[in-house]
Amino acid sequence: LRQTQHELAASRARYFDLYDLAPVGYLTLSGAGLIQQCNLTAAELLGDTREDLNQRPLSRFIDPHFCDRFQQMRRSLRTTRDPQSIEVQLLKQDGTLLWTQIEATSTQEDGAPVMRVVLSDVTLRKQAEAEHRLREQKEQAQQKLESLTVMAGGVAHDFNNLLTAILGSSRTAQRAMPPDSPVQKKLEFIDETSQSAAKLCDQLLTYSGRTRSEPQRLDLNELIESTVRTVSGLISSDGELRQNLTAGLPAIEGDAAQLG
C-alpha cells in the first residue's frame, strides 16, 4: 500500500510538471465554449485564477477585433473535426493585450463534445515580424529615394545641356541686335532666367552627387537683385514684389546655386 501511495504521489508530481507547469496554456472547453479546465500557464496568460476562469467563455478574453476569427475557428472545428490554428490578441483581465496562437482539436468526454485548446504566447515573434516589416519598408523607401536621386541627376544633366544651347543662342542674338533694340531686354531676361534654371540644375546635380558644392564669396544684395529680376517677369500684374536691401553688407561664403 505504501508503495502504491508513493507511486501515486510521483505520478501526480509528474502530472503537475507536465500539465500545470507546461510552457504553454492548456484548456478544455465545453461545447458552448466555456472553460472547464485549464493549467497554471493558461490562467497566467488570461490574467486570472483558475477558480475564477471556471465556466467562463474563452471568447470573453478574445479581443473584439478577433472575435469573428475565433468563432469561425469553432465552426470549422465542429464541421470538419480537423485541428484548427489561429493567431489572435487576448484581452487579459487587467486590460492588456497579448498576441497568442490558439491550436484547437475536437474530442468527446463523457459522451459530450469538448474542445482541447493550446495557448502559446507569440508576442515576441509578432514584435520581431513587425520590426522586420519596418526594416523592409525603410529599405524600400531608401531604394526609391536612391532611384529618384539617380533620375533627378540624369534629368538635370540633360536639361542643363538644353539650357546651354538656349544661353548660347540668346547671347548670339544679343550680339547680333543693336544695343538700343527693344528686343535686348527680352533677350537679357531669357539669359538671366536660363542662368537661374541652370543654377537649379546645379542644385539637382549636387544633390544627386554628380557635382560638388563650391562655396565662394557672394554679395547678398547682388544675388537678391538677380533673383528679383528673374522672378519679376513671372509675377502677374496683380502681384507686387518688394525688396529692402541694406548697403555695405559684408560678403558671405556660400553656393549661389543653393542661395539664389
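FYI, side chains are in, hydrogens and waters are out, and symmetry mates aren't considered; it's all heavy atoms of this structure.
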Has the side chain of S170 got a donor or acceptor atom that lies under 3.5 Å from a matching backbone atom of I166?
-> no

Common cluster, L218/L220, ILVMFWY with side-chain heavy-atom separation under 4.5 Å | yes

Can you tell me how far CG of D191 sits from CG of L167, rounded to the nearest 0.5 angstrom?
-> 5.5 Å

Measure the shortest side-chain to side-chain distance between Q93 and L46 over non-hydrogen atoms and say whether it is less than 4.5 angstrom.
-> no

Atom CZ in R60, atom SG in C67: separation rounded to 0.5 Å?
-> 10.5 Å

Between CD on residue E222 and CG on residue L249, distance to nearest 0.5 Å | 11.5 Å

Does some side-chain heavy atom of Q137 sit less than 4.5 Å from a side-chain heavy atom of L134?
-> yes

If Ile, Leu, Val, Met, Phe, Trp and Tyr residues are connected whenever their side-chain heavy atoms lie under 4.5 Å apart, and connections chain through other members, are L29 and L77 in the same group?
-> yes

Could you list the donor-acceptor pairs under 3.5 angstrom formed between side-chain atoms of residues 102-117 and any protein atom two or more places apart in sequence or on another chain?
unit_1, atom_1, unit_2, atom_2, d
S106, OG, R81, NH1, 2.7
E109, OE1, R116, NH1, 3.2
E109, OE1, R116, NH2, 2.7
R116, NH1, T28, OG1, 2.8

Minimum heavy-atom distance V88-R69, with the two atoms named | CG1-CD, 4.1 Å

Has the side chain of T79 got a donor or acceptor atom that lies under 3.5 Å from a matching backbone atom of R75?
-> yes

Indicate yes or no for a side-chain donor-acceptor contact from T41 to the backbone of A22 under 3.5 Å, with no hydrogens or angles considered.
-> yes

If we ignore angles and hydrogens, is there a donor and acceptor under 3.5 Å between the side chains of Q72 and D68?
-> no

For A251 against R217, the heavy-atom pair lying closest together | CB-NH2, 3.5 Å

D48 side-chain N/O to L53 backbone N/O, donor-acceptor pair under 3.5 Å = no

Would you kindly confirm whether V122 and F61 end up in one hydrophobic cluster when ILVMFWY residues are joined by side chain heavy atoms under 4.5 Å apart?
-> yes

Give the minimum heavy-atom separation between R74 and G31, together with the two atoms involved.
-> NH2-O, 3.0 Å

Donor-acceptor pairs are to be reported for all side-chain atoms of residues 183-190 against protein atoms at under 3.5 Å, with residues two or more places apart or in another chain.
unit_1, atom_1, unit_2, atom_2, d
Q184, NE2, Q174, O, 2.9
Q184, NE2, M177, O, 3.2
Q184, NE2, P178, O, 3.3

What residues join L97 in its hydrophobic cluster, counting side-chain heavy atom gaps under 4.5 Å, either direct or through other members?
-> L91

All salt bridge (Lys or Arg N to Asp or Glu O under 4.0 Å) counterparts of D63, not counting sequence neighbours | none

Just how far is it from atom NZ of K138 to atom CD of Q142, taken to the nearest 0.5 Å?
-> 11.0 Å

Quick one: CG on N221 to OG1 on T246, what's the gap to the nearest 0.5 Å?
-> 7.0 Å

So, for I35 and L58, which heavy atoms are closest and what is the spacing to 0.1 Å?
-> CG1-N, 4.2 Å

Hydrophobic cluster identity match, L40 and L98, side-chain contacts under 4.5 Å | no

Under the ring pair (Phe, Tyr, Trp, His ring centres under 6.0 Å) test, which residues partner F66, sequence neighbours left out?
-> W99

At their closest point, which heavy atom of L163 faces which heavy atom of A198, and how far apart are they?
-> CD1-N, 3.4 Å

Short side-chain to backbone donor-acceptor contact, D121 and P23, under 3.5 Å = no

Between CD of Q140 and CZ of R133, what distance do you get to the nearest 0.5 Å?
-> 12.5 Å

Report the residues that fulfil salt bridge (Lys or Arg N to Asp or Glu O under 4.0 Å) with E87, sequence neighbours left out, ordered by chain and then residue number.
-> R125, K126

Shortest non-hydrogen contact between L119 and L90, atoms and distance | CD1-CD1, 4.2 Å

